[in-house]
Amino acid sequence: MDDCVFCRIVRGEIPSTRVWEDDLTVAFMDIGSVNPGHLLVATKAHAENLYGLDDGTAAAVMRSVARVGRAVQSALSPDGLSLYQANGAAAGQTVFHFHVHVLPRWKGDAMDLVWPVRNPGRQELEETAARIRAAL
Ligand code: AMP
Ligand code: ZN
């Protein structure tokens, strides 16, 4: 992916502030940080989103997320830590190369996520779960 911004970061063609890397993943500071310590864990190989990850890469991503998350907690002592990961423009994805946001949180910070609880009935939960199980 010649012009993918995160592929270019992986190849070292544009600057990034890296904190961690292994064979399959790289973690670097988010240039549009919401809070201090906001970083991204991205795959080294280009995959547009979650649906393009093989099992080994998916596992490696979570291993790196946990590792840098523990380091952020130890280094910065935030009040909390949010993980955020978007697939598709409708979900808010703006860079179409798979990545997970590791976002330190402090009480009263300006970060917000609208979560409109709908409380569907058990029947709807069962019907939706059956459709998902059938696709596994
Ligand atoms: P998303 O909306 O989940 O696709 O998030 C993309 C993130 O990538 C945003 O938070 C951007 O600030 C961040 N970003 C875009 N370009 C760069 C870059 N060159 N270096 C570091 N972070 C970047
Ligand atoms: Zn890419």
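For ligands, and for the atoms within them, numbers begin at 1 and follow the listed sequence. Values below: every heavy atom of this structure, side chains too, minus hydrogens, waters and symmetry copies.
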If you count the atoms of ligand 1 from 1 in the order shown, which ones are under 4.0 Å from a heavy atom of [X]?
X      : result
His101 : 1 (P), 3 (O), 5 (O), 7 (C), 10 (O)
Gly32  : 12 (O)
Met29  : 21 (C)
Gly92  : 2 (O)
Phe6   : 8 (O), 17 (C), 23 (C)
Leu40  : 8 (O), 13 (C), 22 (N)

Gap between atom CD of Glu127 and atom CZ of Arg131 - 0.5 Å precision: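 Reported value, rounded in 0.5 Å steps: 9.5 Å.
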Min heavy-atom dist Ile9 to ligand 1 below 4.0 Å: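 Per 4.0 Å heavy-atom rule, Ile9 contacts ligand 1.
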Sub-4.0 Å heavy-atom contact, Ser16 with ligand 1: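 No, Ser16 has no heavy atoms under 4.0 Å from ligand 1.
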Within the 6.0 Å centroid threshold, strictly below: His97 and His99: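 Ring centres of His99 and His97 not closer than 6.0 Å.
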Atom of His97 closest to the Zn ion (ligand 2), considering N, O or S atoms: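 This residue's closest N, O or S atom turns out to be ND1.
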CG/Asp79: more than 12 non-hydrogen atoms of other groups inside 6.0 Å: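 More than 12 heavy atoms, drawn from other residues, nucleotides or ligands, come within 6.0 Å of this atom.
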Other residues, nucleotides, ligands: >12 heavy atoms within 6.0 Å of Arg67 CZ: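 Counting neighbours around CZ of Arg67, 12 or fewer heavy atoms of other residues, nucleotides or ligands fall under 6.0 Å, so no.
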SG (Cys4) - the Zn ion (ligand 2) - ND1 (His46) angle, nearest 10°: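 It comes to 110°.
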